[in-house]
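In what follows, a structure is listed as structure tokens, so that the remarks can point back to it.
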There are 2 protein chains.
Amino acid sequence: MSGSRSDLIAETLEQDILRGRFAPGTRLDETRLAKEHGVSRTPIREAFQRLSAAGLVEQVPRRGVFVREIGTVELLEMFEVMAELEAACGRLAARRIADAALDELEAANAGCRAAMEAGDIDGYYLENERFHHRLYAESGNAFLCGEARRLHRRLRPFRRMQLQLRGRIPQSMNEHEAIMAALREGDAERAASLLRDHVAIQGEKFRLLVAGLRTAG
Amino acid sequence: MSGSRSDLIAETLEQDILRGRFAPGTRLDETRLAKEHGVSRTPIREAFQRLSAAGLVEQVPRRGVFVREIGTVELLEMFEVMAELEAACGRLAARRIADAALDELEAANAGCRAAMEAGDIDGYYLENERFHHRLYAESGNAFLCGEARRLHRRLRPFRRMQLQLRGRIPQSMNEHEAIMAALREGDAERAASLLRDHVAIQGEKFRLLVAGLRTAG
DNA sequence: TGTCAAGTTTTCGTATACAATTTGGCATCA
DNA sequence: TGATGCCAAATTGTATACGAAAACTTGACA
């Protein structure tokens with residue numbers, strides 16, 4: 001279990017799903033995938049179970065596994081939860097964070113600013129991720145950190161999308177600055193509130209994006 | 001997958017672990033369990049994967065699966081996250097809840113009160129659970145509801161423990177009343193805050209309980 | 001007596017074989 | 001013509017077989 005094969009296969013399949021190689025609703029054929037990856041059905045099935053636990057596919061008894069449709073509603077719900085988790089991280093971090101960690105957060109934030117000024121969206125995304133991951137860790141709650149990372153990972157492609165919107169990056173940057181200030185002052189409630197809004201806005205932007213696509217398409 | 005066998009087996013194993021039939025750190029022997037349940041190793045392994053995803057066991061490559069030690073620290077961390085999740089449910093529910101649902105919550109709460117007056121701890125626990133589950137649902141966020149239920153389930157044995165403490169049930173009851181009042185008034189922030197404290201206290205009580213056991217033993 | 005190395009044994013991870021169930025198509029009948 | 005029942009093919013779920021890696025045993029040597 002967690003055998004090196006099925007580990008890698010699960011990873012690969014996850015990428016394939018997130019990148020849209022398998023359309024939502026598609027049935028994933030065990031035999032076909034087994035041949036494709038040059039292994040037997042067993043590791044494929046193990047990978048399926050992991051994907052299922054991660055919520056990426058749905059297993060229907062005796063019928064197979066299907067790529068889950070992540071509806072807009074569910075996605076917005078997930079953003080709402082992400083907002084609360086990040087708020088929780090912020091609330092706790094504001095009380096517990098050490099000066100050294102504050103500096104590291106500041107460094108990640110500086111990376112964001114540099115990427116913004118360079119107009120480098122991918123770079124901004126990466127540094128932004130570093131900022132948030134660092135924040136999760138500084139909550140001082142390893143379990144919370146894990147849950148936050150798990151959901152962050154699942155929302156990754158959609159968080160990325162909304163960065164494409166005009167003016168979103170400078171806005172996001174301002175939000176980061178405000179969050180940093182609250183953390184530095186140790187104002188837990190303000191940090192929580194700012195972080196909740198910061199993520200909630202991402203959900204909102206995503207909703208706009210989807211609505212735009214729908215009317216445009 | 002999600003075959004009826006391995007489903008049931010995972011369920012059974014989970015109960016066995018939570019009830020302490022397998023001490024933390026124990027290795028779970030695939031072959032032995034297979035014989036015990038009258039199946040082959042395959043369904044056992046599938047069950048293991050589910051338990052692993054749920055965080056109940058740890059899989060060490062090429063060595064086997066072990067019942068995870070849930071340390072006091074991690075448990076307190078989980079209570080902290082539970083507090084934040086319930087707070088989130090409360091915040092959202094305060095804005096979204098319908099009158100009919102308020103009545104249902106009130107009914108569950110009345111059940112708690114009846115059990116308290118009858119001195120029925122198990123009954124109180126059950127009605128209390130009904131109250132909380134209902135609240136999760138009334139957040140109007142199915143994803144949040146699912147996450148809350150998942151963590152609630154994992155904390156179930158420990159939430160139960162702290163009810164044994166003298167005076168805890170009336171105190172809990174008072175907290176419920178206050179929460180109901182906030183919800184009825186639609187005061188989101190107060191509902192969130194009260195719920196956070198309500199659960200945080202449970203964590204705190206649990207900590208006291210553990211400390212007591214340690215000095216007593 | 002303690003330590004280390006080689007061989008044996010156990011156990012995991014994967015492959016393959018088999019059984020049970022669903023699905024699709026075709027024939028039959030109202 | 002449309003609906004229904006049955007058979008065949010495909011697919012899942014489970015069992016078993018096999019190769020590889022780790023743990024344990026044994027025995028020799030310092």
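It should be emphasised that the depicted structure is a prediction, and the values quoted were computed from it without experimental measurement. Protein chains get the first letters and strands the later ones, always in sequence-line order, with residue 1 at the start of each.
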[atom1] of [X] versus [atom2] of [N]: gap in Å, rounded?
X     : N      : atom1 : atom2 : answer
A:H37 : C:dT14 : NE2   : P     : 14 Å
A:L28 : D:dT12 : CG    : C1'   : 14 Å
A:I44 : C:dA15 : CD1   : C1'   : 13 Å
A:K35 : C:dT16 : NZ    : P     : 12 Å
A:F48 : D:dT12 : CZ    : P     : 8 Å
B:D7  : D:dG13 : CG    : C1'   : 12 Å
B:Q59 : C:dT11 : CD    : C1'   : 15 Å
B:R5  : C:dA19 : CZ    : P     : 14 Å

When all nucleic acid strands are considered with a 4.0 Å heavy-atom cut-off, which category describes B:R32: base, sugar-phosphate, or nothing?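 Nothing, no heavy atom under 4.0 Å.
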I'd like to know if A:R63 reaches the base of D:dG13 with its side chain, counting only an N/O donor and acceptor under 3.5 Å.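 Not at all, since no donor on one side and acceptor on the other fall under 3.5 Å apart.
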Taking only side-chain N and O atoms of A:R45, does any of them lie within less than 4.0 angstrom of OP1 or OP2 on D:dG13?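 True: A:R45 side-chain N/O within range (under 4.0 Å) of D:dG13 OP1/OP2.
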Quick check for you: among [options], whose closest atom lies nearest to any side-chain atom of [X]?
X     : options                : value
A:R41 : C:dA17, D:dT11, C:dT21 : C:dA17
B:S40 : C:dC12, D:dT12, D:dA15 : D:dA15
B:R62 : D:dT11, D:dT14, C:dG13 : C:dG13
B:R27 : C:dT11, C:dA20, C:dT14 : C:dT11

Ion pair present between [X] and [Y], side-chain N to carboxylate O less than 4.0 angstrom?
X      : Y      : result
B:R27  : B:D29  : yes
A:E129 : A:R156 : yes
A:E46  : A:R41  : no

Taking for each residue the nucleotide of DNA chain C with the nearest heavy atom, is it B:D29 or A:G38 whose nucleotide lies nearer the 5' end?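 This one resolves to B:D29.
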Quick one: sort the A:H176 and A:F131 rings into parallel, tilted or perpendicular, breaks at 30° and 60°.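 If you compare the ring of A:H176 with that of A:F131, the planes turn out parallel.
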Compute whether any side-chain donor of one residue and acceptor of the other, for B:H132 and B:E86, lie under 3.5 angstrom apart.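 B:E86 and B:H132 do have a side-chain donor-acceptor pair below 3.5 Å.
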